[in-house]
Amino acid sequence: MLALALLPLLPLIVALPSQQPFSTNQRINPLKHLSAISPFYIPTEKPTPLPDQCELDRVSLLIRHSSIMGNDDEYEETMKPFIEKIVNMDKSKIPQSGEWKFLNDWRSPIGDDTLEVVSPQGKRDAKFLGKYIRDQYNSLFPPKKKTTTKKDKKRTPYKVWTASSTRDIDTAKSYIKGGFPSHQSGHDGEGDGEVVQLIQVPNKAKDWDRSLTPHKACDTFDKKPSLEPANKWLAVYAPKVIDRLKAIVPEFAEELVDQDILAMQMLCGYESIAVGSSHFCQAFTDEEWLDVEYYFDVRFHYMMGYGSHLSPYLGMPWVKTAKHLLSGKDTDGSDGDKDHKPSDDGTLGTFKKGPKLPEPKLPPNATHTQLLHPSFTHRESPAFVAVFLNLFNSSSHAHPSSEAPPLDHRVDDRAWRTSHLVSFLGHVALERYHCKGKKHGDDGDYVRAVVNGRAEKMSGCEDGLEQGCKWETFDKWVDERAERWGDWESVCEK
Ligand SMILES: *[C@@H]1O[C@H](CO)[C@@H](O)[C@H](O)[C@H]1NC(C)=O
Ligand SMILES: *[C@@H]1O[C@H](CO)[C@@H](O)[C@H](O)[C@H]1NC(C)=O
């Protein structure tokens with residue numbers, strides 16, 4: 001009874017899902033250092049508040065999908081060879097005591113049949129995110145009350161957009177279930193079609209692909225080349241790990257190659273996602289976790305960060321669309337798809353059959369009558385958007401994100417930290433707000449970028465208070481950058 005009564009008073013951070021306690025000799029929680037394999041967490045305890053005397057007007061939100069049971073490429077290239085090695089290993093080489101003993105009866109929770117599927121915990125995390133976003137932005141949501149009047153019924157539904165991969169759709173549905181009362185969320189999170197509607201944006205559709213999954217429509221986008229610099233760094237740190245293991249479990253360590261070290265560190269993440277914990281999370285030192293985090297930061301610098309010339313081009317469409325939606329010249333009317341309702345057969349969202357959701361009738365930059373615009377997508381998009389918005393790239397930082405990461409040593413004081421940006425449910429918000437009072441000189445309109453709850457400076461658009469930017473400045477700045485990185489067709493053509 002007492003515990004229940006106290007619950008609402010606990011800070012949000014206590015309620016965070018996915019995080020298990022770790023053994024006491026470890027300082028850091030490896031699950032917060034696994035970049036795109038990090039389960040959902042919110043790096044700051046509370047979202048950065050708006051400056052005093054300011055009020056939110058509109059928000060555009062780009063969210064990566066929730067925790068999956070395994071990524072195809074990481075499985076094929078790295079984890080599967082290690083898993084097969086363990087299965088086929090001469091049993092006498094597997095340690096019989098100590099912290100590696102668990103390998104004797106270890107079974108991989110990851111297999112071909114569940115790759116790319118959102119885990120049950122991932123669904124709970126997305127539901128949690130729905131509540132968390134509702135708490136933060138309640139005034140921008142449609143009212144919770146049941147619709148009664150005719151006028152209410154005629155209202156254009158509030159839309160949640162999702163890329164068309166099943167993992168995005170499943171995440172969006174759980175988010176809707178967390179953020180809306182059950183009479184609005186629909187029985188599976190697809191929305192009731194009246195107040196709330198989940199819209200599926202085909203990954204390869206003409207206008208929409210570019211705002212939610214631009215890389216899927218860009219022929220020159222290639223994930224592979226980024227493996228080369230990342231593996232150079234792996235070749236620096238992994239042999240040291242193998243040497244350390246040779247002193248504890250020599251026969252086992254003899255069998256390992258660099259990729260196996262990476263595999264075990266990835267498995268810490270995916271096994272935790274699948275079954276709640278992993279022995280691998282206890283098997284490495286803090287330094288070794290920081291080394292693998294750097295591996296991912298190197299990889300993603302080149303794949304989807306400042307190290308790829310494509311990144312700002314691929315970040316541009318969402319930001320332009322967000323600016324259009326934030327500009328808010330669209331409060332008057334309907335967007336013409338009232339009769340466009342989701343199917344209500346009970347099979348929505350089952351993995352095999354494929355979900356049946358309405359597709360958008362209008363491109364994202366058309367008129368939409370709502371104040372908070374959430375879209376669900378893949379890891380690449382928040383990173384591209386960060387580059388377009390010039391986040392983490394302040395010239396006053398010792399190692400801004402645009403600077404190439406050295407491959408012979410780790411730079412700890414770096415601005416590019418993908419664990420903070422592209423973890424599962426990692427999200428970037430553009431918030432438009434207005435302020436009153438002397439402190440602000442003029443009353444006025446502002447915008448700021450918020451990454452996983454933390455306000456981040458858009459270098460070059462920073463003439464507002466506390467990391468913010470004047471709306472007018474932002475408006476021009478985005479247009480200038482869109483012009484500079486607007487020729488999407490020619491850079492994406494092979
Ligand atoms: C919407 O995007 C299309 C395609 O990029 C463009 O032709 C059109 O001008 C845009 N409309 C607005 C209102 O920005
Ligand atoms: C990152 O910052 C550097 C130094 O200020 C600047 O030259 C570069 O254009 C910035 N990158 C982007 C994508 O804006």
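Note that ligands are numbered from 1 as they come in the structure, with each ligand's atoms numbered from 1 the same way.
Of all protein heavy atoms, the one closest to atom 9 (O) of ligand 2 is Arg484 NH2, 3.9 Å. Scanning the protein for heavy atoms near atom 12 (C) of ligand 2, the closest one is Asn390 OD1, 3.4 Å. The protein heavy-atom contact nearest to atom 2 (O) of ligand 2 is Asn393 ND2, 2.4 Å. At the shortest separation from atom 5 (O) of ligand 2 among protein heavy atoms lies Ser395 CB, 4.1 Å.
Atoms of ligand 2 found under 4.0 Å from any heavy atom of Arg481, numbered from 1 in the order shown, are 12 (C), 13 (C), 14 (O).
At least one test fails for Arg417 against the ring of Phe392: distance under 6.0 Å to the centre or angle within 45° of the axis.
Judged by distance alone, the side chains of Ser35 and Thr418 do bring a donor and an acceptor atom under 3.5 Å apart. Donor-acceptor pairing under 3.5 Å is lacking for the side chains of Gln265 and Tyr295. In this structure, a donor-acceptor pair under 3.5 Å is present between the side chains of Tyr137 and Glu431. Under the 3.5 Å distance criterion, with hydrogens and angles disregarded, a donor-acceptor pair is assigned to the side chains of Gln259 and Thr78.
Using a 4.0 Å cutoff on heavy atoms, Tyr306 counts as a contact of ligand 2.
For atom 7 (O) of ligand 2, no protein heavy-atom neighbour is found at a distance under 4.0 Å.
For ligand 2, none of its N or O atoms has an N or O atom of Trp485 under 3.5 Å away.
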Does the pair Glu380 and Lys223 meet the rule for a salt bridge (charged side-chain N to carboxylate O under 4.0 Å, His left out), with working shown? CA-CA 10 Å; Glu380 290 84 358; Lys223 298 177 188 178; 3.7 Å; yes

